[in-house]
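Below is one structure; the comments refer to it alone.
All residue numbers refer to positions in the sequence shown, counting from 1.
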Amino acid sequence: MTRRKTEHLTHERLVDLLAYNPLTGRLTWRRNRSRLAKAGDEAGTINQKGVVMVGLDGRLYTAARLCWYHAHKEWPSHRLRFR
């Protein structure tokens with residue numbers, strides 16, 4: 001099995017940085033990250049394709065993959081698609 005490039009982010013680190021609300025599907029910062037990203041603010045930006053991307057520790061992740069990892073404590077093994 002090959003390792004995916006996202007596997008360096010531990011679940012503990014993710015939970016330390018972001019809160020996930022399964023009812024809304026939103027990720028929010030648990031603490032201040034910069035003068036622009038404050039604790040309680042929604043994490044991520046929308047890219048050109050309309051996908052929410054979140055930057056963590058110098059890497060970009062789709063919000064969908066982070067939500068899955070946050071909820072299931074493992075990276076999804078398949079591509080996630082939402083309607």
Side-chain angles (χ1 to χ4, degrees):
M1 181 176 176
T2 61
R3 288 179 53 119
R4 295 185 62 97
K5 64 182 178 179
T6 54
E7 290 182 352
H8 83 284
L9 179 66
T10 65
H11 186 261
E12 292 78 20
R13 175 80 173 142
L14 175 62
V15 171
D16 183 50
L17 294 173
L18 293 170
Y20 169 58
N21 182 333
L23 297 177
T24 64
R26 294 203 166 119
L27 293 166
T28 54
W29 295 110
R30 287 190 180 270
R31 60 175 108 167
N32 294 343
R33 297 285 291 166
S34 70
R35 64 182 178 85
L36 298 176
K38 305 288 186 194
D41 287 350
E42 190 170 344
T45 60
I46 300 173
N47 70 9
Q48 304 89 337
K49 295 181 180 181
V51 177
V52 178
M53 303 296 293
V54 180
L56 294 175
D57 298 335
R59 292 193 180 183
L60 281 176
Y61 302 90
T62 64
R65 287 183 63 80
L66 291 176
C67 291
W68 182 280
Y69 189 34
H70 200 291
H72 298 281
K73 298 183 182 179
E74 64 182 18
W75 291 105
S77 60
H78 55 284
R79 184 175 177 193
L80 299 175
R81 301 178 107 195
F82 296 94
R83 295 178 189 212

Looking only at heavy atoms, which two atoms of D41 and L36 are closest? And how far apart? OD2-O, 3.7 Å

For a side chain to side chain contact (heavy atoms under 4.5 Å, CB included) check, start with the C-alpha distance between D16 and R30, then their side-chain angles and the critical distance, and finish with the verdict. CA-CA 7 Å; D16 183 50; R30 287 190 180 270; 5.7 Å; no

Contact summary for H78 and R65, nearest pair of heavy atoms: O-NH1, 4.3 Å

Set out, in order, the CA-CA distance, both residues' side-chain angles and the distance that settles side chain to side chain contact (heavy atoms under 4.5 Å, CB included) for L66 and L9, then state yes or no. CA-CA 10 Å; L66 291 176; L9 179 66; 3.8 Å; yes

Non-hydrogen side-chain atoms of Y69 and H11 separated by less than 4.5 Å: yes

Pairwise side-chain contact, V51 with I46, heavy-atom cut-off 4.5 Å (strictly under): no

Take L56 and L17 through the side chain to side chain contact (heavy atoms under 4.5 Å, CB included) test and state the conclusion after the steps. CA-CA 9 Å; L56 294 175; L17 294 173; 3.7 Å; yes

Is it the case that over 12 heavy atoms from other parts of the model lie below 6.0 angstrom from the NZ atom of K73? no

Any donor and acceptor pair, going by atom type alone, linking the side chain of Y20 with main-chain N or O of R26 inside 3.5 Å? no

N32 side chain to S34 main-chain N or O, any donor-acceptor pair under 3.5 Å? no

To check you understand the geometry: which heavy-atom pair defines the closest contact between M53 and N47, and what is its length? CG-ND2, 3.8 Å

Closest non-hydrogen atoms of G55 and W29, given as atom of the first, atom of the second and distance, are O-CH2, 3.8 Å

Got a sec, which residues hit side chain to side chain donor-acceptor pair (under 3.5 Å) with R33, two or more places apart in sequence or on another chain? none

Which label fits Y61 and W75: parallel for a plane angle under 30°, tilted from 30 to 60°, or perpendicular past 60°? parallel

Between C67 and the options V54, T62, N21, L27, the side chain to side chain contact (heavy atoms under 4.5 Å, CB included) test singles out L27

